[in-house]
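Each chain gets a letter, A, B and so on, in the order its sequence line appears, and its residues count up from 1.
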Amino acid sequence: MIEIQRIKENRAEVIAGLKKRGLDSEKDIEKILIVDQQWRDAKTEHQETSANLNTISKEVGKLFSSGERNQAEVLKNQSVELKKQEATQKTRVEELQNQLSKAIMALPNILRPEVPSGNDAEENELIFESGSSPTKESAPKAHWDLAKEYQLIDFELGVKVTGAGFPFYRGKGAKLQRALISFFLEEASNAGYEEFSSPLMVNEESGMGTGQLPDKEGMMYHVGEDDLYLIPTAEVPLTNMYRNTLLPNDDFSIKITGHTPCFRREAGSYGKDVRGLNRLHQFEKVEIVRIEKPENVESALKEMLDHVKSLLEKLGLQYRILKLCGGDTGFAASITYDFEVYSAGQDKWLEVSSVSRFDTFQSNRLKLRYKDENKKSKLCHTLNGSALALPRIVAALLENNQSPQGIKIPEPLVPYTGFKIIN
RNA sequence: GGAGAAUUGGCAGAGUGGUCGAUUGCGGUAGUCUUGAAAACUAUUGUACCGAGAGGUACCGGGGGUUCGAAUCCCUCAUUCUCCGCCA
């Protein structure tokens, strides 16, 4: 949620920031400012009436206790009218308030100046590309064939038991997955992130806090009977731990990590994009989350990017980094960097991490604040990133490390898998 | 799932219809005293919002209601604890 203060003070900048998303927000902004003013006026008026009412009530109390019944009755009758007025004003304030917050909630985050303009993934900006794939095969196989050949993943079994997009991992496939999770968590720990194991379902308030609700309701599985949502990413529980929090000073830099399965409905996906491990309804991911004061955000972001880079390098994967253009950047983010690994068998780039800063967009919804050096409350900044999402990493490892002898496990991963090759 | 008890400021804990945003203790902050510290004493110490300001409004688990007036009465939901049932 954009801060109303920001809209008021930097109207042009806000409109420009939204324009980069292809949004013509001028009229919406205009309306927000009008409703905001109406709300303020109504609120002031209502408060005055309340103050009057309070004064009268106290007066009545005094008269009663000093025995002046008649006088008290007169005042009581007076207050009846005022009370009606107060109720009407209150309703109006609430209406305006709702209208206002709805309008503001509907606005996506303002993009940072360095975000390139553009409509879709085609126009993302390539900012880094690493070396080449280690595979020596002239016609490398796709991971779904390799998974079958070595009995690592069983897609059909998943369809039988649950449905498409819920595969079984088995044998060395399951172990590889477990090894990757441990490896990523350990790397995050070493980088100073505190590990959490979180709930996998969240309530509606949490969905609101990080911005999945109300805008992207359809992405999450909803358990109707208990009104809970299966998390689409660990970001939701990890960030919402800090909902309604006022940090006591500005001496903080919160770094948390966690592994969770992620559940996504992925309605409307089809074709080769969903083949094999490319897009699943349930997948494992290790997430890193940071809560920072504004001064530290830039360096935190760089640190996170370096962290993800180092993971991919340790795994020996060919990868590239994209700075997403306006049209491709998510609702809540002010800037996003995507990491993609090269998948030799499919000759395709697969997204394995998305590192974003949200500025105060989430913390405003979350009411996550800190006291600055002048003891004033200010909104924290939040950032998060995948480090990393598993299935596509598995896909890339299988495809890039294949050889006639089998699939070679990258050196740093061997202590976690307990085997060096899948054959 | 059933029965009972509870939920008050950073913590502990008073308060059952009328200057209660809330007694008190601890803690925090500032000061006095001290060479320094401790102790003692004094003062201060919640959050959000409206208002140019003076000031005002709201908040005693959440929501609703009764009343001129609610922390206090009523309804409802949530959470915690105890007992029973069930269970990894």
Side-chain angles (χ1 to χ4, degrees), chain A residues 1-9 32-105 197-209 213 223-229 237 240-252 254 261 360 362-380:
Chain A
M1 189 164 64
I2 305 175
E3 292 161 83
I4 182 84
Q5 206 60 24
R6 191 159 167 203
I7 298 179
K8 275 203 241 176
E9 284 165 13
I32 285 172
L33 291 174
I34 290 171
V35 175
D36 178 63
Q37 192 53 51
Q38 288 174 335
W39 170 72
R40 273 158 211 281
D41 293 345
K43 179 140 186 160
T44 306
E45 198 184 34
H46 170 246
Q47 285 187 356
E48 273 167 19
T49 311
S50 290
N52 268 336
L53 219 43
N54 286 344
T55 315
I56 290 177
S57 297
K58 280 178 189 167
E59 205 55 42
V60 170
K62 265 191 222 164
L63 289 172
F64 265 123
S65 55
S66 63
E68 296 167 78
R69 300 234 153 201
N70 291 343
Q71 284 234 297
E73 287 300 331
V74 172
L75 264 186
K76 254 172 92 164
N77 290 337
Q78 264 185 35
S79 67
V80 171
E81 260 319 296
L82 256 188
K83 232 192 128 180
K84 274 190 208 152
Q85 201 182 327
E86 188 269 346
T88 322
Q89 289 172 343
K90 190 178 167 195
T91 312
R92 171 146 173 84
V93 170
E94 282 166 359
E95 273 169 15
L96 287 167
Q97 167 106 286
N98 280 341
Q99 210 181 322
L100 185 62
S101 72
K102 226 179 185 174
I104 297 178
M105 285 279 240
S197 184
S198 80
L200 305 181
M201 291 198 232
V202 294
N203 56 28
E204 186 183 351
E205 258 185 296
S206 294
M208 291 276 182
L213 293 174
V223 181
E225 199 173 353
D226 298 291
D227 199 16
L228 293 172
Y229 295 85
N240 270 285
M241 293 196 290
Y242 284 90
R243 176 149 48 79
N244 279 327
T245 299
L246 177 55
L247 300 169
N249 55 49
D250 64 356
D251 181 22
F252 69 93
I254 294 167
T360 57
Q362 288 185 330
S363 59
N364 195 22
R365 290 183 175 215
L366 291 161
K367 294 204 173 53
L368 165 52
R369 295 157 300 156
Y370 70 98
K371 292 262 197 195
D372 71 5
E373 67 233 318
N374 303 317
K375 306 247 172 182
K376 295 244 305 184
S377 300
K378 286 172 79 175
L379 290 170
C380 298

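Within 4.0 Å (heavy atoms only), A:Asn54 reaches sugar-phosphate atoms of the nucleic acid but no base atom. Within 4.0 Å of A:Lys375, counting heavy atoms only, lies no atom of the nucleic acid at all. Residue-level contact check: A:Ser79 touches the backbone only, with heavy atoms under 4.0 Å from sugar-phosphate atoms and none from bases. Heavy atoms of A:Lys43 sit under 4.0 angstrom from primed sugar atoms or phosphate atoms, though from no base atom. In this structure, A:Lys62 reaches the bases: a heavy-atom distance under 4.0 Å links it to at least one base atom across the strands shown.
In terms of phosphate contacts, A:Arg369 brings a side-chain nitrogen or oxygen within less than 4.0 Å of OP1 or OP2 of B:rA48. Between A:Ser377 and the phosphate of B:rA48, there is a side-chain N or O to OP1/OP2 separation shorter than 4.0 Å.
Nearest to the side-chain atoms of A:Lys371 among the listed nucleotides B:rC49, B:rU47, B:rC68 stands B:rU47. The nucleotide whose nearest atom lies closest to any side-chain atom of A:Thr44 is, among B:rC49, B:rC68, B:rG51, B:rG51. Ranking B:rC68, B:rU57, B:rG51 by closeness to the A:Arg40 side chain, first place goes to B:rG51.
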Under the rule of Watson-Crick or G-U wobble with both distances under 3.5 Å, where | means paired to another strand and [ ] a crossing pair, RNA chain B maps to ((((((((.[[[..)..(.....]]]((((((.......))))))(((((....))))).[[[[[..)....]]]]])))))))....
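Side-chain contact between A:Leu228 and A:Asn203 is present, with at least one heavy-atom pair separated by less than 4.5 Å.
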Which protein N or O atoms sit under 3.5 Å from an N or O of nucleotides 62-67 of chain B?
none

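The number of heavy-atom neighbours closer than 6.0 Å to CG of A:Asp251, taken from other residues, nucleotides and ligands shown, is 12 or below. Heavy atoms from other residues, nucleotides or ligands lying under 6.0 Å from CE of A:Met1 number more than 12.
If you take atom P in B:rU19 and the same atom in B:rU24, they sit 16 Å apart, rounded to whole Å. B:rA14 and B:rU7 are spaced 9 Å apart, taking the P atom of each and rounding to whole Å. Separation of the P atoms belonging to B:rC75 and B:rA6 is 14 Å when rounded to the nearest angstrom.
A donor-acceptor contact closer than 3.5 angstrom links the side chains of A:Asp41 and A:Gln37.
Mapping A:Leu246 and A:Gln37 onto RNA chain B by nearest heavy atom places A:Leu246 closer to the 5' end of the strand. Nearer to the 5' terminus of RNA chain B, by closest-nucleotide assignment, is the contact made by A:Ser50 (compared with the other of A:Ser50 and A:Leu75).
With respect to the salt-bridge test (charged N to carboxylate O, under 4.0 angstrom), the residues A:Lys83 and A:Glu86 do not qualify.
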